Amino acid sequence: MYLEELHQLLTAVQTGLADGRAHTERARSLLEESRRAIVEPQAQAVPWVPPQLAQADEGMENLLTRLSAADDLVSGYQSRL
């Protein structure tokens, strides 16, 4: 019974990681929409974009990488059980 409970908990963790990835990908999409909303109305050769936008996108990319790594670790651990 303990092993089955552990499998269920690991599955719940994987579900949470998948949800986290989905939310992060949506946040990145919203950041891109924000960038377009800032850039497109500016009809100049070099539009101004807040530096925080690039920093936020980089942070989201790092978060997606970490979530993927965590999912790989949980999957590996679960497959060895």
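Because the structure is predicted, anything quoted here is derived from the model rather than measured. In what follows, every heavy atom counts, from backbone to side chain, and hydrogens, waters and symmetry copies are set aside.
Two different hydrophobic clusters hold Val13 and Leu73 under the rule that ILVMFWY side chains link at heavy-atom gaps under 4.5 Å. When the side chains of ILVMFWY residues are joined at heavy-atom separations under 4.5 Å, either directly or via intervening members, Val49 and Met60 end up in a single hydrophobic cluster. When the side chains of ILVMFWY residues are joined at heavy-atom separations under 4.5 Å, either directly or via intervening members, Leu53 and Val39 end up in a single hydrophobic cluster.
Applying the 6.0 Å contact sphere to CD of Glu33 captures more than 12 heavy atoms from other residues, nucleotides or ligands.
Contact detail for Ala70 and Leu17: the closest heavy-atom pair is C-CD1, 3.8 Å. Minimum interatomic distance between Gly20 and Leu67 (heavy atoms only, all atoms of both residues): C-CD1, 3.5 Å.
Atom CG of residue Leu64 and atom NE2 of residue His23 lie 12.5 Å apart, to the nearest 0.5 angstrom. Rounding to the nearest 0.5 Å places CZ of Arg66 at 10.5 Å from OG1 of Thr24. For the atom pair Arg35 CZ and Asp57 CG, the distance stands at 9.5 Å (nearest 0.5 Å).
Residues Tyr77 and Asp72 are not in side-chain contact: their nearest non-hydrogen atoms beyond the backbone lie 4.5 Å or more apart. When side chains are defined from C-beta on, Leu10 counts as touching Leu81, because their heavy atoms get closer than 4.5 Å. A heavy-atom distance below 4.5 Å is not found between the side chains of Leu63 and Arg21. Proximity of Arg26 to Ser29: side-chain heavy atoms (C-beta onward) are separated by under 4.5 Å at one or more points.
With sequence neighbours left out, Glu61 forms a side chain to side chain donor-acceptor pair (under 3.5 Å) with Arg28. Every side chain to side chain donor-acceptor pair (under 3.5 Å) that Thr11 has, sequence neighbours left out, goes to Gln78. Among residues two or more places apart in sequence or in another chain, the salt bridge (Lys or Arg N to Asp or Glu O under 4.0 Å) test is passed with Arg80 by none.
Remark: the backbone N or O of Thr65 is not paired with any side-chain donor or acceptor of Ser68 at under 3.5 angstrom.
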